[in-house]
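Following: one structure in structure tokens, then a few remarks.
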Protein chains: 2
Amino acid sequence: MASDTDTLPRRTVSPDLTAARPASRYEQVKHYITERIASGEWGVGSRLPSENELVETLGVSRMTVHRALRELMGEGIVTRAQGVGTFVARPAPRAEVLELRDIADDIQAGGGRHRSRVVLLETIRADGHLALAFDQRPGVKLFHSVLIHYEDDTPLQIEERFVSPHFAPDYLDQDFATTHPHRYLFQISPPHEVEHVIFAVTPEADQQALLELDGPEACLQLVRRTWVDGRVVMRGVFTYPGSRYSFGGRRQT
Amino acid sequence: MASDTDTLPRRTVSPDLTAARPASRYEQVKHYITERIASGEWGVGSRLPSENELVETLGVSRMTVHRALRELMGEGIVTRAQGVGTFVARPAPRAEVLELRDIADDIQAGGGRHRSRVVLLETIRADGHLALAFDQRPGVKLFHSVLIHYEDDTPLQIEERFVSPHFAPDYLDQDFATTHPHRYLFQISPPHEVEHVIFAVTPEADQQALLELDGPEACLQLVRRTWVDGRVVMRGVFTYPGSRYSFGGRRQT
DNA sequence: TCGATGGGGTTGTATAGACTTACCTAGAGT
DNA sequence: ACTCTAGGTAAGTCTATACAACCCCATCGA
């Protein structure tokens, strides 16, 4: 069925263990297509080969080609019409909404002096709620860290993180006085997906103490989850005094 | 293969032409699942039947069940883990950060019943701070409205707006019991530019009363400014009880 | 000239089956 | 207590095949 030229390689029996898991066939097909679109070989509006032609060319089954094309349509890269064909879509501009930033950069950008203190660094077992956030069963092992970030000696953020050991097995051995968790995790791998949820909370007594608040001042709480390869690798809870911080953004429409 | 009970109906040979095309099998499977999640029969975090169990129950092939579940995962409704199972995901945050939405749509999307009450509708003269927000001199005339939005008779938002008379000269004559300010302003012109800033605040006594809070619960405050033709046309202050609302967003990187 | 009717090509859906990969647990051994 | 291993379970992928739905166009007949 497969010709000798231009087909995707058969999956090897013993894949190179140092390399990442080989991309699945349909991902290879997606890559084959996006590469040609990105290079301009297939211009905007032009017609792609039909599913059956791609089957011939790439030596995979039509269902595999179909899945690749369906996902590319979901990503807005191609448009499809039954009975007609598949076409390169017009690229759509995408606005960044919430950015991933290091608070140290944030403070220094504002002219402040940043320092941080490690309060806690340990292994825990997840309770039900935390396990749910990681799509895992209760009792799974997670790393847990708590840091305080100061701007000119005033506490600005409590940074609490739960990290999957599979993603960062050496997390507990890091010196977070010099390298921040954000940078360390980012260096292992930038997340493929990020979720942010913002709450208003009244801080617990211990949080009040850490933030050196006089009373039960309202706080902003940003809960961030990051994914790599479809798995939750980190859940961070960042707590800011409401009087000292705000989130914002501006964009043209 | 299929049992007689609870299976999805076989596609009829002559579908009812008055009805829309019958939903495809995988869509029926999706509906079967989302219905049970929405009804609470399958609670957050609970495990769904495995693919093979659904194959047995619904009398469709595993590929069909798999596609339904894969799409539901893409929509954030369930999470899946190889070797473990499929679980009902945590519900997504109510409002996307930096997205311009009508709270009435927001509430109805969540299955709630929306109503609103006009507390105030007047003309004021801007003080220094407010004039600054509009890039105007103090003393400039602005329209001022305060509404409360309820979800099932529970206050969910205080909506306070300052509107430039040049942009919406008839603002005070509107019946905001039927048309909300958001829709009215949007219909005059969608903004060219939007700024959002999110705070955590402890509400004043009058705000506590309007939101029917028992105590000084932390609140989220979203301040929005919108521009049309380079001029600020609206400044809105939206106050939510922290326990009843959250902002969030998720994106791929 | 015009409309109707097929036929061929293209995507959409569905199935059965096989194999792969990942996770978890129980039990054996240390 | 801890580690290791084997087995069971569940999702992930891929194939070959079939049929349906749809579009376009060429052909045919009035």
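So that the names make sense, note that chain A is the first sequence line, chain B the second, and so on, each numbered from 1.
The side chain of B:H66 contributes no N or O atom lying less than 4.0 Å from OP1 or OP2 of D:dA11. Remark: A:Y26 is not in phosphate contact with D:dC14, judged by side-chain N or O atoms under 4.0 Å from OP1 or OP2. In terms of phosphate contacts, B:R47 brings a side-chain nitrogen or oxygen within less than 4.0 Å of OP1 or OP2 of D:dA10. Considering only side-chain N and O atoms, A:T64 lies under 4.0 angstrom from the phosphate OP1 or OP2 of D:dT15. Proximity of B:R70 to the phosphate of D:dA11: no side-chain N or O atom is located under 4.0 Å from OP1 or OP2. Residue B:R62 places no side-chain N or O under 4.0 Å from the OP1 or OP2 atom of C:dA14. A:R67 has a side-chain polar atom (N or O) that falls below the 4.0 Å cut-off from OP1 or OP2 of D:dT13.
With salt bridges taken as basic N to acidic carboxylate O contacts below 4.0 Å, one links B:R183 and B:D105.
Distance, B:E71 CD to D:dA11 P: 17 Å, rounded to whole Å. Atom CZ of B:R25 is separated from atom P of D:dA18 by 19 Å (rounded to the nearest Å). Distance CG (B:N52) to P (C:dA18): 14 Å, rounded to an integer number of Å. Computed from coordinates, the A:L54 CG to C:dG9 P distance equals 17 Å when rounded to whole Å. Summarising the geometry, the separation between CD1 on B:I33 and P on D:dA11 is reported as 11 Å, rounded to the nearest angstrom. Going from atom CD of B:E51 over to atom P of D:dA11 covers 5 Å, rounded to whole Å. Remark: C1' of C:dG9 and CD of A:E56 are 15 Å apart, rounded to the nearest angstrom. Put simply, CG on B:L58 is 18 Å from P on C:dT13, counting in whole angstrom units.
Every pair passing salt bridge (Lys or Arg N to Asp or Glu O under 4.0 Å) that includes a residue from residues 77-88 of chain B is listed here, sequence neighbours excluded: B:E51-B:R80. Residue pairs meeting the side chain to side chain donor-acceptor pair (under 3.5 Å) criterion with at least one partner in residues 68-78 of chain B, sequence neighbours excluded, are B:K30-B:E71, B:K30-B:E75, B:R67-B:E71.
Closest approach to the A:T86 side chain among C:dC23, C:dA16, C:dT11 is made by C:dT11 (side chain taken as heavy atoms from C-beta onward). Of the candidates D:dT15, D:dT13, D:dC22, D:dT15 carries the atom nearest the A:V60 side chain, counting heavy atoms from C-beta on.
Classified by interplanar angle (parallel below 30°, tilted 30° to 60°, perpendicular above 60°), the ring pair A:F143/A:Y171 is parallel. Classification of the A:H149-A:H114 ring pair by plane angle, with boundaries at 30° and 60°, yields parallel.
No donor-acceptor contact under 3.5 Å links the side chain of B:Q82 to the base of D:dA10.
Where B:M63 and B:V84 meet DNA chain D, the nucleotide closest to each residue was compared, and B:V84 sits on the side nearer the 5' end.
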